[in-house]
Protein chains: 2
Amino acid sequence: MGIIAGQGDPTASMTLLWGRAEARSGRRAPGPKPGLTVDAIVEAAIAVADEAASAAGLSMRTVAERLGCSSMALYTYVPGKAELLDVMYDRVHAELPTGRSPGEDWRSEVTAWASDLKAFYLRHPWVLQVSYARPVLGPHEQAVLEALLRALSGAGLRAGTLRAVVSSLLHFVQGAARTAAETRRAAAVTGVSDQDWWGTRVTLLNELAPDFADRFPLSTRLASSQSPLAGDEDPADAWERETDDVFAAGLAVLLDGIEAAAGSDGC
Amino acid sequence: MGIIAGQGDPTASMTLLWGRAEARSGRRAPGPKPGLTVDAIVEAAIAVADEAASAAGLSMRTVAERLGCSSMALYTYVPGKAELLDVMYDRVHAELPTGRSPGEDWRSEVTAWASDLKAFYLRHPWVLQVSYARPVLGPHEQAVLEALLRALSGAGLRAGTLRAVVSSLLHFVQGAARTAAETRRAAAVTGVSDQDWWGTRVTLLNELAPDFADRFPLSTRLASSQSPLAGDEDPADAWERETDDVFAAGLAVLLDGIEAAAGSDGC
DNA sequence: TCGATCTCCTTACGCCCTACGGTATCGTCA
DNA sequence: TGACGATACCGTAGGGCGTAAGGAGATCGA
C-alpha cells in the first residue's frame with residue numbers, strides 16, 4: 001500500500017536518523033528510568049516486519065507485544081508509526097556493503113551491487129513498501145546510493161545520463177525483488193503453492209476462455225516456451241532458478257545499454 | 001502495502017473477469033429486482049480509488065456511500081474486497097490502446113507503449129499497489145502484454161531474452177510511474193509542496209550532518225549538477241520536465257541494451 | 001394466494017492507530 | 001530530609017476498517 005515515508009514531523013525523523021543530540025547531553029531528566037530505547041524499538045519493529053514479510057503486518061501492538069509493554073508506551077520514544085518506519089527503513093540499510101572492491105571493472109561492481117541489493121530486499125520485503133518519493137534521507141541509504149555512484153564512476157557518464165541510469169537500476173532491482181518477494185509471500189499467506197495456484201487458474205482459463213490462444217497468440221507462445229522441469233527437480237527450485245536467470249539477463253541488457261550510452265556520451 | 005491480488009476465490013474472480021455465465025441465463029430469479037450491478041460497483045470503486053490516489057483510500061464503506069447504499073449491500077454482488085480489486089484492476093486496463101500502429105519500427109512502438117502505460121499509471125496510481133506476483137489474468141491486462149510482445153516481435157529476440165526484456169520494461173515503467181505518482185500524492189496528502197519539503201530537509205541536514213558533502217561526495221556532486229530553474233518557470237513544471245527527461249533517457253538506455261541483445265541473439 | 005428466494009440492512013466482532021488524562025516513579029533542590 | 005515537578009507508562013475511548021450473522025421486505029413461480 002505504498003506508505004508515504006517522511007510524513008511525520010521532519011525534525012523528529014531527521015533527529016532520530018542523524019545522531020541524536022539529546023543522547024549526548026549527559027544529564028538525566030528526573031522521573032522514572034526509561035525502560036526502553038529507540039534502538040530496541042526499532043530493532044523489534046524490524047523483526048516484526050521481517051517475520052510478517054510485509055509492512056502491513058507491522059502494528060504498534062505487535063511491536064509492543066514483542067517488547068513486553070503496551071502499545072502506548074512506544075509513543076514515549078517515537079512520535080508515531082510514520083517516524084518509526086522512517087528510522088527502520090534507514091537502519092536496515094546498514095546491512096548493505098558500502099566499501100568498494102578495488103580493481104574490478106564497473107560492470108562486475110554494478111552487478112555485485114545489484115545482487116546484494118536484491119538479496120537485501122528479499123530479506124526485508126517491507127522496505128519495498130516504503131515510498132521512494134520523499135526519501136528518508138538517512139545516512140545508511142545514502143551510503144548505498146553512494147556505493148552505486150562509485151561503481152558507476154568507471155563508466156564515464158554525463159550527469160543527465162547518470163541520473164537516468166541510477167533510477168533505471170534502482171527500479172529494475174526493486175521491481176524484480178518485489179515480484180519475487182510477493183510470490184513468496186503469497187504462497188506463505190494463502191498456503192497455496194505457486195504451481196497449485198497456476199494450475200487452478202489455467203484450468204479455469206481453459207473453461208472460461210477457450211479462445212485464449214487465438215486472442216493472445218504471442219503470450220501463449222511465450223508461456224509455452226518455458227523450459228520444462230528436469231525430471232527430479234523441485235518445482236520451487238526450478239522457479240527460483242528461472243527468476244534468477246531472468247534477473248541476470250535483464251541486468252545484462254541494462255548494462256549493455258549503459259555501455260552504449262557511455263560510448264555516445266563521448267568518453 | 002502490496003495488496004495480494006488473486007487472494008479470493010479463484011473461481012469467483014475469474015468468472016467475474018471472463019464473461020459472466022449467469023448473466024446469460026435469461027431466467028430471473030424470484031426476489032426483489034437488483035438495484036445494483038457488478039459493473040456499477042466496479043466503476044464506483046475505480047472512481048473512489050482514483051480520487052484517493054491510493055488503494056488505501058478504497059473501502060467498502062466509501063464505495064457504498066458513492067452508490068447510496070450500505071456497505072453490506074455490495075456483498076450481494078461481489079464476494080469481497082479482494083475479488084473487487086481483481087476486477088477493478090483488469091477493467092481499468094481496458095483504457096489502454098491495444099492496436100498496432102502499422103509501419104513503425106519497434107523502437108518507436110515500444111516507446112509509445114511505455115509512455116501510454118506510464119500515463120495510465122499516473123491516472124490510476126492504485127493499480128501499482130496491486131501485487132503482480134499472482135497476476136489477475138484478466139483479458140484487458142493480457143491485451144496490454146500482447147501489445148508489447150507484438151511491438152517487440154520486430155526486434156528478433158530469443159524467448160529467454162524476451163522474457164527478461166519484458167520484465168525489465170514493465171519494472172522500469174512501473175518504477176518511474178510509482179515515483180512520480182507518490183510524489184504527487186505526497187504533495188496532495190501532506191499539503192506540503194515538494195520544494196518546501198526539500199527545503200526543510202536540506203536545512204535540517206545541514207544542521208544535523210555538516211559533514212555530508214565529505215561523506216557522500218558523489219551524491220553531492222550529482223545533486224548539485226541539477227539544471228537550475230529558468231527564471232520564470234514554475235518549479236512544479238520544471239520538476240515534471242526533469243522526470244520526463246529521466247524517463248526518456250532511461251528508456252533509451254534500455255532500448256539500446258535490447259538492440260545489443262538482439263544483435264547477440266544472432267538475428 | 002402462498003411459499004421460496006433473493007436483496008438489502010442492522011448489528012456486532014475484532015482488528016487498527018492514537019488523543020487524552022490519570023498514576024507511578026524518581027532526580028533535584030530547598 | 002522532604003516535597004516538587006518532570007517524566008514514563010497505561011486505561012480508556014473514539015473513529016477507522018472488513019465482514020459474519022441474521023432479520024425485514026420484495027418479488028417471482030406455482
Side-chain angles (χ1 to χ4, degrees), chain A residues 1 3-5 7-9 12 20 22-23 25-41 44-45 48-49 52 54-86 88 126 129 189-190, chain B residues 1 3-5 7-9 12 20 22-23 25-38 40-41 44-45 48-49 52 54-86 88 126 129 189:
Chain A
M1 123 186 65
I3 296 150
I4 297 187
Q7 206 174 195
D9 181 16
R20 292 170 278 300
E22 77 275 20
S25 76
R27 300 241 316 211
R28 279 246 311 101
K33 272 181 211 146
L36 295 169
T37 59
V38 175
D39 281 359
I41 293 173
V48 167
S54 152
L58 180 77
S59 81
M60 300 303 266
R61 278 170 167 75
T62 27
V63 174
E65 223 160 274
R66 174 176 287 259
L67 291 167
C69 66
S70 98
S71 70
M72 289 311 292
L74 305 179
Y75 285 86
T76 308
Y77 302 89
V78 170
K81 202 189 183 187
E83 289 83 358
L84 176 56
L85 246 172
D86 281 356
M88 291 168 62
W126 52 270
Q129 302 183 323
V189 169
T190 64
Chain B
M1 135 184 43
I3 295 151
I4 298 187
Q7 207 174 191
D9 181 15
R20 293 171 276 299
E22 76 276 17
S25 74
R27 299 240 318 210
R28 280 246 310 101
K33 272 180 213 146
L36 296 170
T37 59
V38 175
I41 293 174
V48 167
S54 151
L58 180 77
S59 80
M60 298 304 267
R61 284 172 166 79
T62 348
V63 175
E65 220 160 279
R66 174 176 286 258
L67 292 167
C69 66
S70 100
S71 71
M72 289 311 290
L74 305 179
Y75 285 86
T76 308
Y77 302 88
V78 169
K81 200 189 184 187
E83 290 83 358
L84 176 58
L85 246 173
D86 280 356
M88 289 166 63
W126 51 270
Q129 302 182 323
V189 168

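Convention: sequence-line order gives letters A, B, ...; per-chain numbering from 1.
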Legend entry - Nearest-Å distance for atom pair CE/C1', residues B:M72 and C:dA12: 11 Å
Inset, instruction - Please state how far atom CG in A:L67 lies from atom P in D:dC10, giving the value in whole angstrom units. - result: 11 Å
Inset, instruction - Please check the phosphate of C:dT7 (OP1 and OP2 only) for any side-chain N or O of B:Y77 closer than 4.0 Å. - result: no
Legend entry - Sugar-phosphate, base or nothing in reach of B:L84, heavy atoms under 4.0 Å: nothing
Inset, instruction - Grab the two heavy atoms, one from A:A44 and one from A:V63, that are nearest each other, plus how far apart they are. - result: CB-CG1, 4.3 Å
Legend entry - Phosphate OP1/OP2 of D:dA8: any A:T76 side-chain N/O under 4.0 Å: no
Legend entry - Side chain of B:A73 - closest among C:dT18, C:dC8, D:dT19: C:dC8
Inset, instruction - Starting at atom CD of A:E83, determine the distance to atom C1' of C:dT18, rounded to an integer number of angstrom. - result: 12 Å
Legend entry - Minimum-distance nucleotide to B:Y75 side chain [options: D:dA8, C:dC16, D:dG18]: D:dG18
Legend entry - Between P of C:dT18 and CG of A:L85, the distance in whole Å: 11 Å
Legend entry - Short side-chain N/O contact to C:dC15 OP1/OP2 from A:R61, under 4.0 Å: no
Inset, instruction - Give the rounded distance in Å between these two atoms: CD of A:E65 and P of D:dC10. - result: 13 Å
Inset, instruction - Among D:dA26, C:dC26, C:dT18, find the nucleotide with the atom closest to the side chain of B:P32. - result: D:dA26
Legend entry - Spacing between B:L74 atom CG and C:dC8 atom P, to the nearest angstrom: 10 Å
Legend entry - Length of the line joining B:L58:CG and D:dC17:P, which is rounded to integer Å: 10 Å
Inset, instruction - For the pair B:Q129 (side chain) and B:A55 (backbone), establish whether a donor and an acceptor sit closer than 3.5 Å, ignoring hydrogens and angles. - result: yes
Inset, instruction - Determine the contact category for B:M60: base if any of its heavy atoms lies under 4.0 Å from a base atom, sugar-phosphate if only primed atoms, P, OP1 or OP2 are that close, otherwise nothing. - result: sugar-phosphate
Legend entry - Nearest heavy atoms of B:M88 and B:A49, plus distance in Å: CE-CB, 4.0 Å
Inset, instruction - Measure the distance from CD1 on A:I41 to C1' on D:dA8 and round it to the nearest whole Å. - result: 12 Å
Inset, instruction - Check whether any side-chain heavy atom of B:K81 lies under 4.5 Å from a side-chain heavy atom of B:L58, and answer yes or no. - result: yes
Inset, instruction - Look at the side-chain N and O atoms of A:S70 and state whether any lies under 4.0 Å from the OP1 or OP2 oxygen of D:dC9. - result: no
Legend entry - 4.5 Å side-chain heavy-atom contact, A:L84 and A:V38: no
Legend entry - Side-chain N or O of B:K33 closer than 4.0 Å to phosphate OP1/OP2 of D:dT27: no
